[in-house]
Amino acid sequence: MNSAFDAAAIRARAEVAITVALEAGRETARFRRDSNFGTLAVENKGLQDFVTIADKNAEQAIRDGLLSHFPDDTFMGEESGGRSGEGGTWVVDPIDGTTNYIRGFRHWGVSIAFVVGGKVGIGVVYDAAEDKVFHAVRGGGAFKDGLPIHVAATADPANALVILGHSRKTSFDDYLAISKRLHERGMDYRRMGAAAIDLVRVAEGAADLYYERHLNAWDMLAGALIAEEAGAMVAMPAVDSLLMNGGPVIAYSPGLAGEFAFILDIEELAAVPVKPSSACARRFLSPAPRQS
């Protein structure tokens with residue numbers, strides 16, 4: 001990791017990001033509760049690709065909240081754009097699952113990642129369904145409202161629950177073929193529409209796999225780190241490539257590695273091996289207290 005970002009610098013950023021994600025998430029949820037469809041100012045960026053005034057307001061609030069504390073960091077947001085910098089870069093999706101948000105389906109969240117030296121150093125995800133914040137610092141474990149979380153120990157495919165995402169940039173026939181193969185192995189599956197939340201469902205053991213063939217970096221980076229730090233096997237392209245072009249992500253319970261090996265073959269990726277965090281690493285960022 002960049003020598004300019006020692007443990008104290010990363011810890012400070014993580015603590016601010018947790019607070020910012022919670023505040024932005026709660027305000028965005030309040031705005032939706034108090035609004036009707038007309039006041040959301042929905043714009044269409046493409047087929048089933050929407051943005052609302054809430055996305056824009058939340059991203060500005062997150063940008064202001066982070067950069068007011070760390071003005072030398074760079075910022076890359078889904079709505080306002082930006083590029084990664086030579087120092088550290090915040091990569092943000094203010095509402096991951098905008099279609100769900102618009103329709104009042106509370107499977108959406110706020111995703112904040114901090115990238116430095118070509119790696120994700122911090123991942124923070126606000127989960128609107130539970131009004132809770134997930135976070136991880138590389139090497140320090142994964143937490144939900146300050147309490148440690150771990151992936152499921154599922155080993156029998158007949159007991160597995162998987163979440164599959166689908167982008168219109170990829171083949172729907174391929175998506176159906178993968179769904180069919182998993183179904184034939186006895187697994188149940190879902191498609192929920194918010195990658196950051198789907199990834200933390202793997203991290204907390206509620207699901208055994210999340211896979212999507214194409215996502216943008218701001219959709220996946222925070223959740224992927226949280227899943228990895230919770231003990232998931234995670235496979236995705238290099239972070240620098242994802243920042244430029246997006247790509248696939250695969251996160252799954254280690255006990256089912258053999259069942260999901262064919263997905264790694266499809267994407268020509270190797271999973272990051274599970275490494276137990278040391279006591280020293282876990283002191284890198286102690287669990288954050290619940291923000292009220």
Report yes if the distance between the aromatic ring centroids of Trp108 and Tyr101 is under 6.0 Å, otherwise no. yes

Between the side chains of Tyr211 and Glu267, does any donor sit under 3.5 Å from an acceptor? yes

Can you find a side-chain donor-acceptor pair between Asp55 and Thr98 that sits under 3.5 Å? yes

Give the minimum heavy-atom separation between Leu66 and Ala17, together with the two atoms involved. CD2-CA, 4.0 Å

Grab the two heavy atoms, one from Val16 and one from Gly65, that are nearest each other, plus how far apart they are. CG1-O, 4.0 Å

To the nearest 0.5 angstrom, please state how far the CD1 atom of Ile163 sits from the CG atom of Leu199. 8.5 Å

Looking only at heavy atoms, what is the nearest atom pair of His214 and Ser167, with distance? O-CB, 3.5 Å

Assess Arg13 against Phe70: is NZ or CZ under 6.0 Å from the centre of the six-membered ring, and within 45 degrees of the ring's axis? yes

Would you say the side-chain atoms of Arg138 pair up with the backbone N or O of Ile122, donor to acceptor, closer than 3.5 Å? no

Arg201 charged N/C atom sitting above Tyr210 aromatic ring, 6.0 Å / 45°: no

Check ion pair Asp156-Arg185 (N to O, under 4.0 angstrom): no

Taking Thr154 for its side chain and Ser253 for its backbone only, find out whether a donor-acceptor pair lies under 3.5 Å. no

Among Ile, Leu, Val, Met, Phe, Trp and Tyr joined by side-chain contacts under 4.5 Å, find the other residues sharing a cluster with Ile197 and list them by chain and number. Val125, Phe134, Ile149, Val200, Ile226

Do Arg30 and Glu27 sit within salt-bridge range, that is, some charged N less than 4.0 Å from a carboxylate O? yes

So do the side chains of Asn159 and Asp208 get within less than 4.5 Å of each other, counting heavy atoms only? no

Strictly distance-based, threshold 3.5 Å: is any side-chain N or O of Arg26 a donor or acceptor partner for the main-chain N or O of Asp131? no

Parallel, tilted or perpendicular, judged at 30° and 60°: which one describes the rings of Phe5 and Phe114? perpendicular

Side-chain donor/acceptor of Asn216 to backbone N/O of Asp219, under 3.5 Å: no

With a 3.5 Å cut-off and no angle check, do the side chains of Asp198 and His107 form a donor-acceptor pair? yes

Please answer: with hydrophobic residues joined when any side-chain heavy atoms are less than 4.5 Å apart, are Val162 and Val234 in the same cluster? no

Shortest non-hydrogen pair, Ala203 vs Ala230, comes out as O-CB, 3.3 Å

Between Lys132 and Asp145, does any side-chain N to carboxylate O distance fall below 4.0 Å? yes

